[in-house]
Structure formats: structure tokens, C-alpha cells
Amino acid sequence: MPRATCSRSRQDFWAGRWALAARATGSPTLRAVDRLFNRGVLVRAWTQRGTLHIVPAEDLAWTLSVTGERQLHMAAPRYRELGLGADELATCERVIRGALSGGNRLTRLELFDVLQKAGIEPSGQRGLFAVQNLALRGIICQGPVVPRAGGVSRDQLFVLTEEHIPESAVPSDPLAEMFVRYIIGHGPATAEDFAWWSGLTLGAARAGAAASASDARIRPIDEGAFVARSMPRRNAAAPTVVALGSFEEYYISYIDRTVACPSGLLAAIGPAKNGMVRPILLADGVVIGTWRHSTALGRHTDDAVPELLTAGAASDADVAAALDRYAAFIAG
């Protein structure tokens, strides 16, 4: 792959868990990844761009200290449209704090029921944005995975962050630290790329880049881009064909995605008009196609179906091997 990666952006929960496993050594299973959520090592929250991301639990508070205010500002018009004023949001906080305090854990639908009983109608996205508001303010997050017999769980339990995450690691300069970690996981990349990825203004992104100028973990290269000083060596035994999920960081985290994807294939991958970004197949780090797989109840063990968009870019055997690695993960 031409770019180092890290996994954060995950609107599709199954794809987020596969993104973590795909980057791990050995053969981690879905159950193994879910245990990290159940143990409180990982959480999912609206950390950037108003979308859900997976982050280490200990990093949630300082990440939101960088991005939360910006996201709340961007969401404010929608709150007004939904009638979620200061009084309504205060009620949401009071009743949800009460429902979750003492280590309680509730699904999103159960939180909506709490809101409805308090006179906050959750339909028409009011419940979703009320919950998101609390998450952006660092009050709640999504933690343990809700079991789903016979299929892949799509849900997590909401928890109070102050109870679920007793300790946080706070860097001296959170904005600079966020930029450095982005470069380590995504470089070569620019401040403009970081602005897109983080959802921050370009001015804030450039400030983060400037503040990290003396950080020994990254270095500048040409045309305003940065890379990690220490890059992992490619394992000679690593497969050349890789299957990655929807909303994949390797693809979506840049303004210019043609480094990883031929321009003629961008429309086929997305984002589409509905915002969807399809799963991708890579050969030597370049997108050559997409694939689909059902996570519907009882169908997660069905074979994934590839769709090559570049003829002859990979053998049938290599594509099948890439999808077999995913199949072992999702069924394990």
C-alpha cells in the first residue's frame, strides 16, 4: 500500500471492526475485536465530521476537546430545525444521565424510550440528534457490543463516559497530537487532508501542523505533505490483494483519492449521493474493484461477491484468498 494507515472512521460497525482486524497480525476474529469494546479498550463516538469513529477509550476526551465544539457548531442549525433548544437538550441530558448512572447500559432504542417518557419525541431524527449532542459533549459514548444470535451485531450499548472511561490520556497539545497521529496513520498527507479528515477548519488544521513541526515522530516532505519518520517494513509474505470494508480510511481520508484509486473508478466507489462508500479490493495498494457481503441475520457466512473494475488486475485465486480472510474473521 502506498500510504500507511490507521483505522478510525466507521459508520458501518461491521466494516469498522473488519478494518481493525485487517491491520492486525495473525487472524483476529469478530469476537476478539468485540471483546475490546466489551472490556472498555475501544469505544465508538461522533469524534469527527459528525460521523461515527472508533477510538481508544482513553483518547476520547481529548479528541473531542479538539473537534467537539466545531461539530456542535455545524449541527446547531439542525438542532433548531428539530426543536432541540437549550431547554430540550438540558432535559435530554438530565434524563439520560439518570437512566445510565450507576453503570447502566442502554441501546439507542432504549434511550429513545427514555426521551419519549420525558416528553422529548425521538421520531424524525430528534432522538438521534439528541443522543449525538450528548456524545459530542463527551457525556455518553457507545461501548459494549449487543450480542446477536445467528448474525453480526450492529448495535452497541450507550454508557456514561465518566463511568465507563475512568482514566484518560491527555497530551500537552491535543490539536498537535491529533495531527501527528493522523500523519503516522495516513501519511503522506497534508494539512488540507487533515482538515477534511478531522472536520476542522483549514486554519485550525494548519495550526496543528505548525504546532507539530518539532515533533520527532513525523517529518515534512515535498508539496506541503508530511510522513512518519519511522515507517513499518512491508512483510514479504503479505498478500498483494486485500479486501477492505465500506467507508475505508485508506480511501476516504484524503481530499485527493486518486493516489489509491484510479480517477475512473472514483464514482463507482463513492461517496455516492446517499453518502455511501463501497467496500474496496486493492492490488498492490491500488483500488481494482469492490465487493459485497450480507450481514443480515443468518447470512453472514454467505460467500462475499467480488466485482473487479480493472480487468486482469488480480487473479481469481488472489481475490478469493482476500475474501476468505474476511470470511474467517466475520464467522469467527
| field | Thr290 side-chain N/O to Glu307 backbone N/O, donor-acceptor pair under 3.5 Å | value | no

| field | Thr25 to Pro28 - nearest heavy-atom pair and separation | value | O-CD, 3.7 Å

| So do Arg292 and Pro279 actually touch side chain to side chain, heavy atoms under 4.5 Å? | no

| said: Quick check: do Asp256 and Trp196 have side-chain heavy atoms less than 4.5 Å from each other? | reply: no

| query | Are side-chain heavy atoms of Phe226 and Pro220 found at a separation under 4.5 Å? | reply | yes

| said: Donor-acceptor check, side chain of Arg44 to backbone of Cys141, threshold 3.5 angstrom: yes or no? | reply: no

| said: Check this for me: Arg325, atom CZ, are more than 12 non-hydrogen atoms of other residues, nucleotides or ligands nearer than 6.0 Å? | reply: yes

| said: Does Asp12 form a salt bridge (Lys or Arg N to Asp or Glu O under 4.0 Å) with Arg154? I'd like the steps, not just the answer. | reply: CA-CA 8 Å; Asp12 277 354; Arg154 301 174 181 176; over 6 Å; no

| request: Any chance you could lay out the side-chain contact (heavy atoms from CB on, under 4.5 Å) test for Ile218 and Phe179, step after step, and finish with the verdict? | output: CA-CA 10 Å; Ile218 63 173; Phe179 180 80; 3.9 Å; yes

| field | Thr29: partners by side-chain hydrogen bond (donor to acceptor under 3.5 Å, both in side chains), with sequence neighbours left out | value | none

| field | side chain to side chain donor-acceptor pair (under 3.5 Å) pairs, two or more places apart, involving residues 296-305 | value | Arg299-Asp302

| request: Sorted by first residue and then second, give each salt bridge (Lys or Arg N to Asp or Glu O under 4.0 Å) pair with at least one member in residues 127-152; sequence neighbours left out. | output: Glu93-Arg137

| query | Do the charged groups of Glu88 and Arg94 touch, with an N to O distance under 4.0 Å? | reply | no

| task | Show the numbers, then the answer: is there a side-chain contact (heavy atoms from CB on, under 4.5 Å) between Ile140 and Leu100? | result | CA-CA 9 Å; Ile140 62 176; Leu100 294 177; 3.7 Å; yes

| remark: For Ala19 and Glu248, the nearest pair of non-hydrogen atoms, with its separation, is CB-OE1, 4.0 Å

| remark: For Asn104 and Ala99 the tightest heavy-atom approach is ND2-O, 3.1 Å

| remark: residues 312-332 vs ring pair (Phe, Tyr, Trp, His ring centres under 6.0 Å), sequence neighbours excluded, gives Trp14-Tyr326, Trp18-Tyr326, Trp18-Phe329, Trp291-Tyr326, His293-Tyr326

| When you look at His53 and Trp46, which way does the side-chain contact (heavy atoms from CB on, under 4.5 Å) test go after all the steps? | CA-CA 6 Å; His53 289 69; Trp46 287 272; over 6 Å; no

| query | Are more than 12 heavy atoms from other residues, nucleotides or ligands located less than 6.0 Å from atom CZ of Arg217? | reply | yes

| field | Any side-chain donor near an acceptor of the partner, Arg78 and Gln125, under 3.5 Å | value | yes

| message | By the salt bridge (Lys or Arg N to Asp or Glu O under 4.0 Å) test, which pairs, at least two apart or in different chains, include something from residues 261-270? | response | none

| Do Gln142 and Arg105 touch side chain to side chain, with heavy atoms closer than 4.5 Å? | no

| request: Examine the side chains of Ser153 and Asp155 and answer whether a donor and an acceptor come within less than 3.5 Å of each other. | output: no

| remark: Shortest non-hydrogen pair, Ala118 vs Val95, comes out as CB-CG1, 3.6 Å

| remark: For Val305, the hydrophobic cluster (side chain heavy atoms closer than 4.5 Å, chained through members) also holds none

| request: Check whether any side-chain N or O of Ser212 sits under 3.5 Å from a backbone N or O of Ala176 as a donor-acceptor pair, and report yes or no. | output: no

| query | Minimum heavy-atom separation for Glu121 to Ser123, with atom names? | reply | OE2-OG, 2.8 Å

| Do you reckon Leu282 sits in the same ILVMFWY cluster as Leu266, going by side-chain contacts under 4.5 Å, direct or chained? | yes

| said: side-chain contact (heavy atoms from CB on, under 4.5 Å), that's the test. Do Phe158 and His164 meet it? Break it down for me. | reply: CA-CA 10 Å; Phe158 282 88; His164 190 68; over 6 Å; no

| remark: Looking only at heavy atoms, the pair that brings Val287 and Thr310 closest together is O-OG1, 4.4 Å

| message | Taking the side chain as everything from C-beta on, heavy atoms only, tell me whether Glu177 gets closer than 4.5 Å to Val66. | response | no

| request: Starting from the C-alpha separation in whole Å, work towards a yes-or-no answer on salt bridge (Lys or Arg N to Asp or Glu O under 4.0 Å) for Glu162 and Arg97. | output: CA-CA 11 Å; Glu162 62 193 40; Arg97 276 188 179 276; 3.2 Å; yes

| field | Crowding at CE, Met74 (>12 non-hydrogen neighbours, <6.0 Å) | value | no

| said: For Phe194 and Tyr182, take the angle between the two ring planes, folded into 0 to 90°, and tell me which bin it lands in: parallel under 30, tilted 30 to 60, perpendicular over 60. | reply: tilted

| For atom CD of Glu163, is the number of surrounding heavy atoms from other residues, nucleotides or ligands below 6.0 Å larger than 12? | yes

| Can a cation-pi geometry be assigned to Arg17 and Phe13, taking NZ or CZ under 6.0 Å from the six-membered ring centre and within 45° of the ring axis? | yes

| query | Is it true that Val146 and Leu109 fall in one hydrophobic cluster, defined by side-chain heavy atoms closer than 4.5 Å? | reply | no

| request: Using the rule that two of Ile, Leu, Val, Met, Phe, Trp, Tyr join whenever any of their side-chain heavy atoms come within less than 4.5 Å, decide whether Leu157 and Val114 are in one cluster. | output: no

